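Written below as structure tokens is the structure these notes are about.
Counting starts at 1 for both ligands and their atoms, following the listed order. Just so it is clear, the structure is predicted and the values come from calculations on it, not from any experiment.
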Amino acid sequence: MAKLHLNLGENSYDVIIGKNLLNSANKYFNLNRKVLIVTDDGVPTEYSEAISKQCKTSKIVSLKSGEGSKSVDGLSKLYQAMIQMEMDRTDCIVAVGGGVVGDLAGFVASSYMRGIDFYNVPTTLLSQVDSSIGGKTAINFGGVKNIVGAFYQPKCVLVDTDTLKTLPQRQISNGLAEAVKMSLTSDKILFEKLEKLSYDEILNDLESIITASLKIKQYVVEQDEKEAGLRKILNFGHTFGHAIEAQTEMQGMFHGECVALGMLPMSSVSVRERLVPVLKKLNLPVSCQIDIDEALNFVCHDKKCANGFVNAIFVDKIGEFEIKKLSISDFCGLIKGYFAN
Ligand code: GLY
């Protein structure tokens with residue numbers, strides 16, 4: 001078991017990483033009050049029931065899985081449940097699920113009665129290595145992802161690696177893409193580990209890979225909680241990755257798969273020579289058949305693109321990064337240049 005302490009002044013909290021933690025959540029969370037447990041229909045029901053058993057009074061709300069729940073409708077369902085339960089400012093919300101559940105439940109917690117306690121139990125590898133910590137909460141609105149939200153830190157995060165046993169392999173690869181991302185910008189040793197181990201050895205070592213990834217995120221968030229500078233490195237591979245994700249929505253490409261593709265043009269030739277075999281081993285894509293112009297059109301409308309410029313993260317050497325402000329046309333030229341070959 002590992003414990004990280006995110007030092008964010010009065011918003012500080014612990015992240016506990018280990019096996020069989022769900023059944024002892026009340027050791028870490030104060031559940032002796034009214035608790036709204038938010039989950040979705042893709043998450044095994046026994047996970048939310050395990051939390052519910054430890055609460056004084058609880059209600060489980062299960063949403064439809066997928067980005068569609070990060071909506072005004074999703075918010076409304078949760079606020080209604082809380083009002084029905086007569087929850088007040090001393091009560092709390094527990095999210096049990098992946099990034100969608102965490103983002104939505106966190107935003108509800110940030111806004112209900114101007115903010116109540118929020119605990120997060122991420123159950124996908126993608127949310128365990130990244131979105132469950134750092135306090136980004138949001139819903140989608142008007143066709144724009146994460147456009148309405150708040151920075152609102154959880155009170156505690158419980159990463160129970162046993163929940164990964166029920167996760168399909170493609171979802172494991174989806175999460176590992178974010179671990180690769182963290183290692184490329186910030187941790188040569190973690191990258192070398194992902195390079196050296198076989199796929200099966202990686203699956204047997206997820207707890208230490210999650211811990212190493214979260215230590216990177218911890219450092220970044222402690223330096224720059226509200227993404228004024230350093231935190232932008234967590235978006236390595238994401239500007240074009242998000243564009244691919246939006247364009248391939250119907251084909252159902254996963255976030256990590258799009259980030260894998262998005263990292264390639266932003267890496268030097270020597271980094272790419274080592275990155276491509278790692279991505280292939282993790283069953284992540286290294287090429288794709290998409291309409292680059294259409295995807296780049298999306299980049300121009302991305303909320304990360306301010307006044308015609310993007311903050312592009314480059315990795316020329318493993319474990320190091322450079323943030324460069326590029327005009328949209330330079331960024332598009334760079335992406336086209338890579339995918340044209
Ligand atoms: N997932 C990127 C961030 O938390 O900043």
Legend entry - Test: Asp130 and Lys181 ion pair at under 4.0 Å: yes
Inset, instruction - Measure the acute angle between the ring planes of Tyr79 and Tyr112, then classify it against the limits of 30° and 60° as parallel, tilted or perpendicular. - result: parallel
Inset, instruction - Before accepting this row, confirm whether a basic side-chain N of the pair Lys155/Asp14 lies closer than 4.0 Å to the acidic partner's carboxylate O. - result: no
Inset, instruction - Give a yes/no verdict on a cation-pi contact between Arg274 and Phe191, requiring under 6.0 Å between NZ or CZ and the six-membered ring centre and an angle within 45° of the axis. - result: no
Tabulated below should be the N or O atoms of ligand 1 paired with protein N or O atoms at under 3.5 Å; can you produce that?
{"residue": "ligand 1", "atom": "1 (N)", "partner": "Asp130", "partner atom": "OD1", "Å": "3.2"}
{"residue": "ligand 1", "atom": "1 (N)", "partner": "Asp130", "partner atom": "OD2", "Å": "3.2"}
{"residue": "ligand 1", "atom": "4 (O)", "partner": "Lys217", "partner atom": "NZ", "Å": "2.6"}
{"residue": "ligand 1", "atom": "4 (O)", "partner": "Arg231", "partner atom": "NH2", "Å": "2.7"}
{"residue": "ligand 1", "atom": "5 (O)", "partner": "Lys136", "partner atom": "NZ", "Å": "3.0"}
{"residue": "ligand 1", "atom": "5 (O)", "partner": "Arg231", "partner atom": "NE", "Å": "2.8"}
{"residue": "ligand 1", "atom": "5 (O)", "partner": "Arg231", "partner atom": "NH2", "Å": "3.3"}

Legend entry - Phe339 ring center near Phe240 ring center (under 6.0 Å): yes
Legend entry - Check ion pair Arg231-Glu225 (N to O, under 4.0 angstrom): no
